[in-house]
Asker: 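Take a look at this one; I'll ask things after.
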Amino acid sequence: MRRARPLVACVIAFVATVAGAGLSSCAGLPSSTAVQQGSLVGEPVLQPVRVQPDGPAAGATPEQIVRGFLRAGAGAGFDDDHAVARSFFVRSVKDQWLPDSGLKVYSDDSALKVELAAPNIVHVTAMIVAEVDSAGRYRQTPVGTSAQATFGMQKLGGGWRISQPPQGFGLWLSASDLDRSYRSFTVAYVSKVSQTMVVDRRWFPITSGLATTLARAQLAPVPPYLSGAARTGIPAGTTLAVDSVPITSGTAVVDLSASALLASPDLRRAMWAQFVTTLTQVAPVSEVSLEVNGTGLDLPNTPGRISTVASLGYPSQDAASVETAILRTGSELSRVSSDRPQDQDRPPKPPNLPASSILPQIPTGWISLALSWDGQEIAGIGGDHGDLARWQRDRHFKLAKFGHNLTRPSYDSMNGLWVAGRSGDAAKVWVIDTSLSPMEAAKPRTISVPWLVNRTVLALKVATDNQRVALITSDRQGRDVQVVVAGIVRSPSGEPVSLAAEPLRVGWTLTAATDLAWVDDSTLAVVGRVSPQTKMGPQLVEIGGNITAMPPVAGTRLVTNTGGLRGVVVLTDRGKVLARAGNGWQVLQTGTDFLIPGE
């Protein structure tokens, strides 16, 4: 059974609590702070509870002024351009500070050190755990990463103020501040070759103007790692005609500049789909209306307000789990449940299947098997990782040698069989057209990936949207392991031509990784580890987010997925197939391969 995974993030609703711990009593930081009123019971939760900071205190030292500024930046200023935080500056420079220029995230107040370096200079250092850039792109930082900033100070009649903020300084937040004030959202684009949404995850502050923030992000060009694979229907130069996106009775009204009229009907449809996908993540938004200078943006056969991308011709990608998998034991293949352990007392009856569904025998010398989306083909790698073979029912074809150090194959649902490896001294990615008949006519075709120079590909997996691929690479010595995601650039007919010129690195703190699978549109399951002292195990890696260790599994070898976070399945070096059960794992089957369509 073919499955799809959700490409649209669920509406985010959360309740944040405020902890007073960590707010020390000093002249620049009050021992108690006012808390803004929260939402009433039953109301959509639009904002976290905010801590209302105080401005500069009389008699505060330069260090206390800087501490007060940092705390004010993390407080309730997201809706008023951080007016309180700006009050810590001298008047002539307060508007030069750009809080949107990026975030440094430290664990807690104990990681922050503020020192007087000279009578009018304050030096700040912090051991940081993450960074968020000006575009909202999040990355965890390795243990021991530090950030530094130096503030010039000036004493005025009202006390010390910041006169020289560090260039490019944004906000420094504790991890609890980030959790309280920010959330991740997807910004949507569309495939260049199909009616498919392609999303990019970013972090933004939760404010009453969240819809406006997301709309501004939507107007930006396609990010580099998706360039050539995805497009935007929004013409270059388009802005918000009114710098606000009001929400009335659940409808978000986006008023665009006249440049939006340059879009063709096809691009207007894409534009609508993008705004609907992105803005309906805001809790009160149930539909979107697009306007140009106050007049509705015309799209034939389409109402003025849209609530789903399906009404625009973009198929729904609701999550569905795989019910049946293929288990390999020795050279034998059998169909088994994808999520229930085998009943030892009642062996399963052979299914009544047509001849086209009869499974082949695969000699034990072939490893790292993969199953096509339609379940009609299996591919595998030779034990020395130098050969690739394909099986279709009772037919078997071993391709002529074309590379070595081949990875486990990966199928897309557009007739592509992908594999990576080396040819001579260079890393390569090949694609085989599985639609060609007979299958002997299909030859591996190299696609262009210039950034693989001096790298080795350890694993490769195509996303379910067919527009992105995730890879694990290392340097030639097997060090500097990186997990990256890149868009797939296709010809007008859909054939892969290259990967995007600049990949996006994810899972920055992983020190080792050997295998991966897509969990959903913005999450990978990776066999890896963060600390060199820990054992390899399953990790959840958010694209544009954190790494979360899953319950440990001794001897984790491979990972696959039957659909969603609860569908992660791991295979061990002792032949156990494990599926999630409660907060741990249960033995699903015993075998050497567990094949899921498209995995």
Side-chain angles (χ1 to χ4, degrees), residues 28 53 56 62-107 109 111-118 120-142 144-154 160-175 177-178 181-182 184 187 200-205 207 209 213 216-217 219-221 223-225 243 502 504-506 508-509 544-545:
E63 306 99 292
Q64 290 168 343
I65 288 295
V66 171
R67 279 189 179 274
F69 161 68
L70 295 176
R71 176 52 62 190
F78 292 92
D79 284 317
D80 63 5
D81 195 27
H82 297 277
V84 174
R86 292 186 189 279
S87 69
F88 287 84
F89 290 91
V90 299
R91 184 172 300 178
S92 60
V93 302
K94 70 183 182 67
D95 292 330
Q96 296 177 17
W97 174 50
L98 301 175
D100 295 335
S101 58
L103 306 177
K104 303 291 185 186
V105 184
Y106 52 91
S107 57
D109 284 352
L112 186 67
K113 189 175 183 180
V114 180
E115 297 178 303
L116 188 66
N120 61 342
I121 295 176
V122 174
H123 190 64
V124 182
T125 59
M127 304 303 294
I128 62 171
V129 296
E131 297 176 319
V132 181
D133 67 17
S134 59
R137 214 168 290 289
Y138 177 105
R139 78 175 183 98
Q140 282 182 294
T141 53
T145 301
S146 65
Q148 302 182 19
T150 300
F151 293 82
M153 309 297 294
Q154 182 178 348
W160 287 97
R161 297 292 185 269
I162 298 169
S163 60
Q164 291 182 315
Q167 186 174 4
F169 190 90
L171 293 173
W172 284 25
L173 277 63
S174 69
D177 289 333
L178 183 76
S181 300
Y182 279 73
S184 66
V187 179
D200 176 43
R201 187 162 291 277
R202 318 264 192 89
W203 287 69
F204 300 106
T207 70
T213 300
R216 289 195 197 111
L219 293 172
Y225 82 100
D243 195 25
E502 181 181 329
L504 175 70
R505 186 174 177 181
V506 301
W508 281 77
T509 57

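What you see is a predicted model; the values in this text were computed from it and never measured.
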Asker: Holding to side chain to side chain contact (heavy atoms under 4.5 Å, CB included), I want the full list of residues that pass it with Pro166, two or more places apart in sequence or in another chain.
Answerer: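 Ala149, Phe151, Phe169.
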Asker: Using salt bridge (charged side-chain N to carboxylate O under 4.0 Å, His left out) as the criterion, list what pairs up with Glu63, not counting sequence neighbours.
Answerer: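 Result, salt bridge (charged side-chain N to carboxylate O under 4.0 Å, His left out) vs Glu63: none returned.
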Asker: By side chain to side chain donor-acceptor pair (under 3.5 Å), which residues pair with Gln96, not counting sequence neighbours?
Answerer: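 Gln96: no side chain to side chain donor-acceptor pair (under 3.5 Å) contacts found.
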Asker: Of Val90, Ile121, Ile65, which is the lone residue that meets side-chain contact (heavy atoms from CB on, under 4.5 Å) with Met153?
Answerer: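 Single side-chain contact (heavy atoms from CB on, under 4.5 Å) partner of Met153 among Val90, Ile121, Ile65: Ile65.
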Asker: Under the salt bridge (charged side-chain N to carboxylate O under 4.0 Å, His left out) rule, collect the residues that match up with Asp100, sequence neighbours excluded.
Answerer: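 Residues passing salt bridge (charged side-chain N to carboxylate O under 4.0 Å, His left out) with Asp100: none at all.
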Asker: Once you round to the nearest 0.5 Å, how far does CE of Met127 lie from NZ of Lys113?
Answerer: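 Met127 atom CE to Lys113 atom NZ measures 11.5 Å (nearest 0.5 Å).
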Asker: Enter the distance from Ser92:OG to Arg161:CZ here, rounded to the nearest 0.5 Å.
Answerer: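 Ser92 OG to Arg161 CZ: 12.5 Å, rounded to 0.5 Å.
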Asker: Go through the steps for Ile162 and Val93 under the test side-chain contact (heavy atoms from CB on, under 4.5 Å), then give the verdict.
Answerer: CA-CA 8 Å; Ile162 298 169; Val93 302; 5.8 Å; no
Asker: Apply side-chain contact (heavy atoms from CB on, under 4.5 Å) to Tyr182 and Val132, showing your working.
Answerer: CA-CA 11 Å; Tyr182 279 73; Val132 181; 5.5 Å; no
Asker: Among Val105, Leu103, Leu112, which residue satisfies the side-chain contact (heavy atoms from CB on, under 4.5 Å) criterion with Trp172?
Answerer: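 Per the side-chain contact (heavy atoms from CB on, under 4.5 Å) rule, the option paired with Trp172 is Leu112, out of Val105, Leu103, Leu112.
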Asker: Residues in ring-ring contact (aromatic ring centres under 6.0 Å, His included) with Tyr138, at least two apart?
Answerer: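 Checked Tyr138 against ring-ring contact (aromatic ring centres under 6.0 Å, His included); matches are Trp203.
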Asker: Can you name the side chain to side chain donor-acceptor pair (under 3.5 Å) partners of Asp133, sequence neighbours left out?
Answerer: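 So Asp133 forms no side chain to side chain donor-acceptor pair (under 3.5 Å) with any residue.
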Asker: Determine, step by step, whether Phe78 and Ser181 satisfy the side-chain contact (heavy atoms from CB on, under 4.5 Å) criterion, reporting the C-alpha distance in whole Å, the side-chain angles of both residues, the deciding distance to 0.1 Å, and the verdict.
Answerer: CA-CA 9 Å; Phe78 292 92; Ser181 300; 3.9 Å; yes
Asker: Who pairs with Thr141 by side chain to side chain contact (heavy atoms under 4.5 Å, CB included), at least two apart in sequence or on another chain?
Answerer: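 Checked Thr141 against side chain to side chain contact (heavy atoms under 4.5 Å, CB included); matches are Ile128, Glu131, Arg139, Thr145.
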Asker: According to salt bridge (charged side-chain N to carboxylate O under 4.0 Å, His left out), who are the partners of Arg202, at least two apart in sequence or on a separate chain?
Answerer: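 Scan of Arg202 (salt bridge (charged side-chain N to carboxylate O under 4.0 Å, His left out), adjacent residues dropped) gives Asp200.
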Asker: Which residues satisfy the salt bridge (charged side-chain N to carboxylate O under 4.0 Å, His left out) test with Arg216, sequence neighbours excluded?
Answerer: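 Partners of Arg216 by the salt bridge (charged side-chain N to carboxylate O under 4.0 Å, His left out) criterion, ordered by chain and then number, come out as Asp243.
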Asker: Test side-chain contact (heavy atoms from CB on, under 4.5 Å) on Val84 and Arg71 and set out the steps.
Answerer: CA-CA 10 Å; Val84 174; Arg71 176 52 62 190; over 6 Å; no
Asker: Val122 versus Trp160: any side-chain heavy-atom pair under 4.5 Å?
Answerer: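 When only atoms from C-beta onward are counted, Trp160 and Val122 do not touch, as no gap falls below 4.5 Å.
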Asker: Taking side chain to side chain donor-acceptor pair (under 3.5 Å) as the definition, give me every residue that meets it alongside Ser174, ordered by chain and number, with sequence neighbours left out.
Answerer: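 Ser174: side chain to side chain donor-acceptor pair (under 3.5 Å) contacts with Ser176, Asp177.
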Asker: Looking at every heavy atom in both Pro53 and Gly75, which two are closest together, and how far apart are they?
Answerer: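 Scanning both residues, the minimum pair turns out to be CD-CA, 4.2 Å.
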Asker: Which heavy atom of Tyr106 sits nearest a heavy atom of Ala126, and at what distance?
Answerer: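 For Tyr106 versus Ala126, the nearest heavy atoms are CB-CB, 4.2 Å.
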Asker: Does the side chain of Arg137 reach to within under 4.5 Å of the side chain of Pro223, using non-hydrogen atoms?
Answerer: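 They are in side-chain contact.
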Asker: Tell me, please, which residues at least two apart from Trp508 pass ring-ring contact (aromatic ring centres under 6.0 Å, His included).
Answerer: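 Partners of Trp508 by the ring-ring contact (aromatic ring centres under 6.0 Å, His included) criterion come out as none, since no residue qualifies.
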Asker: Quick one: list whatever passes side chain to side chain donor-acceptor pair (under 3.5 Å) with Thr150, sequence neighbours left out.
Answerer: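 For Thr150, the residues satisfying side chain to side chain donor-acceptor pair (under 3.5 Å) (neighbours in sequence not counted) are His123.
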